[in-house]
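Structure record follows, encoded as structure tokens.
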Amino acid sequence: MKIKIMFFFIVCFLTSLPNVSAEVPLRATFIREHQLWMIEDDKEQQLTKNRYIYSPKWSYDGRFIAYLDGDKNGENAHLFVYDTKQHRSYQPYENIETTGFEWSPTSNRLAYNAGGVLNVTKTENGRPMGFDNVSLGVSDFTWFPNGKEFLVSSQSNLLPTGWGPIHLFRVPINANLNTEKIKPFYTIKTNTSDLFAIDANYFKWSTDHKWISFLATPTASWSADSNTLCVLSSTGKHFQPLGNMLMNEDWMKWSPTENKLAYISGEGRFLVQDKKTTVADIPTSNHQKKYTPNGNVDLDIEWLSPDEVIVARAKENKEWKEGPVPTMFSKLYVINIKSTEQKQISFPKRNELDTQPQVIDSYITWYRKGDQGDVWIKNGIKGHAYIWLKNVDEAPVFFSNNQA
């Protein structure tokens, strides 16, 4: 009898260990101690040494990883590409410094902004190599879903009469600086009582490609406290401002199946209060609903299903006024946006916090920060949670077959 009881407790202990896991059929790139790594089917591989890596992004088919190699201040950032087939890094063109880059949604071509000049790589032996100039005067950009054009923003100008409008343009990939090929797409009138901004950033297409969301951002100091989330139809005819939020591109997510946009609304650069999970039906911006209970703040967001979103939630801190900003010890919750039912799904220890939830296939992952940063994973809401990646700098970037 004693043997049976002891065996029962041993089994319970082993099943409760956080790093007991089966092989996970996921592919991701991540950063550990500033170096680029890759994991596939639980096999880790270090890809760079003696670098300072950030912003890795997968190519359309998963063969390439583009990334920035700079310094600890995020400056002097040069664009590199790692070729997973040839197992080496290279520069598509020597000493490319960029403020933003994005892979084509239909091919292994890489577009990047270098000092306001939009460029796109050529292809040589299947690899992105060399470049063509596309357009001047570019503030931010994104590819159209067809992979043949760009949506480009141009920052407004300060005139004696005040700030001018923000111009958006439709630019073909083969424009080659020919202004006759570039067409106006939409003009945002921003020097008004309802909307003041000088730029448009962080473009994201809806799942059906009929809408695009972005942030209309004011001048630098103001933008740290509040920006206007906007949506624009793919025809450039219907524009709607939705609400205010911080300049965090991960805080706005389109539904995987519907024209619903989930975002964390609120103002103030400090995360201690006024950060609410909000879901807007597009195009009817009046149909918005906030889900964060009073006394709480939500600090990250991700769709789990058409009816559910996952948030990283912490207790609001209205008492803090000055001094070091308090750490917000967040935990993951799932919200059913139809029934409004909410429940906790991650359980960090006292001095740990859970952030950056991601849903890939049937898996839920998140970044847990404690003495070090680890990536945790579970297969579905009811799955067993365990550590998948140890000692990483931030959440991984997954490659999904849905990209290709």
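Just so it is clear, the structure is predicted and the values come from calculations on it, not from any experiment.
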So [Y] and [X], do their side chains get closer than 4.5 Å, heavy atoms only?
X: Val375; Y: Trp388; answer: yes
X: Leu353; Y: Pro348; answer: no
X: Val397; Y: Lys57; answer: no
X: Met129; Y: Lys122; answer: no
X: Gln356; Y: Trp366; answer: no
X: Thr277; Y: Ile301; answer: yes
X: Pro283; Y: Gln240; answer: yes

With a cut-off of 6.0 Å (strictly less than), are more than 12 heavy atoms of other residues, nucleotides or ligands near [atom1] of [X]?
X: Lys276; atom1: NZ; value: yes
X: Gln372; atom1: CD; value: yes
X: Asp41; atom1: CG; value: yes

Taking [X] for its side chain and [Y] for its backbone only, find out whether a donor-acceptor pair lies under 3.5 Å.
X: Thr207; Y: Ser255; result: yes
X: Ser104; Y: Thr106; result: yes
X: Ser223; Y: Thr217; result: no
X: Gln155; Y: Asn157; result: no
X: Tyr363; Y: Ile377; result: no
X: Asn76; Y: Gly70; result: no
X: Gln273; Y: Val297; result: no
X: Ser346; Y: Leu332; result: yes
X: Ser154; Y: Gly137; result: yes
X: Arg32; Y: Asn391; result: yes

Looking only at non-hydrogen atoms, find the nearest pair between [X] and [Y] and report the distance.
X: Phe347; Y: Gln344; value: CD2-NE2, 3.1 Å
X: Tyr54; Y: Ile31; value: CA-CD1, 3.5 Å
X: Leu229; Y: Ser213; value: CD1-CB, 4.4 Å
X: Pro241; Y: Thr228; value: CB-CG2, 3.8 Å
X: Ile264; Y: Leu299; value: CD1-C, 3.7 Å
X: Ser153; Y: Ala200; value: OG-O, 3.0 Å

For [X], which residues count as a ring-ring contact (aromatic ring centres under 6.0 Å, His included) partner, sequence neighbours excluded?
X: Phe131; answer: Tyr93
X: His78; answer: none
X: Phe270; answer: Trp320

(request) Could you list the residues that satisfy side-chain hydrogen bond (donor to acceptor under 3.5 Å, both in side chains) with Thr235, not counting sequence neighbours? (result)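 Partners of Thr235 by the side-chain hydrogen bond (donor to acceptor under 3.5 Å, both in side chains) criterion, ordered by chain and then number, come out as Ser233.
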(request) Could I get the full list of side-chain hydrogen bond (donor to acceptor under 3.5 Å, both in side chains) partners for Ser305, not counting sequence neighbours? (result)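 Partners of Ser305 under the side-chain hydrogen bond (donor to acceptor under 3.5 Å, both in side chains) test: Glu308.
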Check the orientation of [X] and [Y]. Use parallel for under 30°, tilted for 30 to 60°, and perpendicular for over 60°.
X: Phe169; Y: His167; result: tilted
X: Trp37; Y: Phe30; result: parallel
X: Trp211; Y: His238; result: tilted

How would you list, by chain and number, every residue that makes a side chain to side chain contact (heavy atoms under 4.5 Å, CB included) with [X], sequence neighbours excluded?
X: Gln358; answer: Glu302, Thr365, Ala395, Pro396, Phe398
X: Thr99; answer: Asn113
X: Ile212; answer: Thr142, Leu151, Phe203, Trp205, Leu232
X: Lys315; answer: Asn296

(request) Kindly say whether the aromatic ring centers of Trp222 and Phe196 come within a distance under 6.0 Å. (result) yes
(request) Show the numbers, then the answer: is there a ring pair (Phe, Tyr, Trp, His ring centres under 6.0 Å) between Tyr386 and Trp376? (result) CA-CA 5 Å; Tyr386 57 88; Trp376 284 62; 8.1 Å; no
(message) As a test of understanding, state which of Phe399, Trp103, Tyr67 forms a ring pair (Phe, Tyr, Trp, His ring centres under 6.0 Å) with Trp58.
(response)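 Testing each of Phe399, Trp103, Tyr67 against Trp58, the sole residue satisfying ring pair (Phe, Tyr, Trp, His ring centres under 6.0 Å) is Phe399.
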(request) Starting at OH of Tyr367, measure out to OG1 of Thr355 and round the result to the nearest 0.5 Å. (result)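 OG1 of Thr355 is found 7.5 Å from OH of Tyr367.
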(message) Test: side chain to side chain donor-acceptor pair (under 3.5 Å). Region: residues 127-137. Which pairs qualify, not counting sequence neighbours?
(response)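 For residues 127-137, and leaving out neighbouring residues, the side chain to side chain donor-acceptor pair (under 3.5 Å) pairs sorted by first residue read Asn119-Asn133.
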(message) Does anything in residues 257-266 form a side chain to side chain donor-acceptor pair (under 3.5 Å)? List the pairs, not counting sequence neighbours.
(response) Asp208-Asn259, Lys260-Asp281, Tyr263-Gln288, Ser265-Thr278
(message) Less than 3.5 Å apart, any donor N or O on the side chain of Glu267 or Ser226 sitting next to an acceptor on the other?
(response)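 Their side chains do contain a donor-acceptor pair, which is all the 3.5 Å distance test asks for.
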(message) Looking at Arg368 and Asp354, is any side-chain nitrogen of the basic one under 4.0 Å from a carboxylate oxygen of the acidic one?
(response) yes
(message) Using the rule given for salt bridge (Lys or Arg N to Asp or Glu O under 4.0 Å), can you reason through Arg88 versus Asp83, listing the C-alpha separation, both sets of side-chain angles and the distance that settles it, and then say yes or no?
(response) CA-CA 6 Å; Arg88 70 182 187 90; Asp83 187 340; over 6 Å; no
(request) Quick one: which residue pairs count as a salt bridge (charged side-chain N to carboxylate O under 4.0 Å, His left out) with a foot in residues 221-241, not counting sequence neighbours? (result) Asp225-Arg269
(message) Could you walk me through whether Leu246 and Leu271 satisfy the side-chain contact (heavy atoms from CB on, under 4.5 Å) test, starting with their C-alpha distance in whole Å, then the side-chain angles of each, then the deciding distance to 0.1 Å, before giving a yes or no?
(response) CA-CA 10 Å; Leu246 295 191; Leu271 307 183; 3.8 Å; yes
(request) Could you please spell out the steps behind the salt bridge (Lys or Arg N to Asp or Glu O under 4.0 Å) verdict for Asp298 and Arg313? (result) CA-CA 4 Å; Asp298 288 341; Arg313 177 170 295 166; 2.8 Å; yes
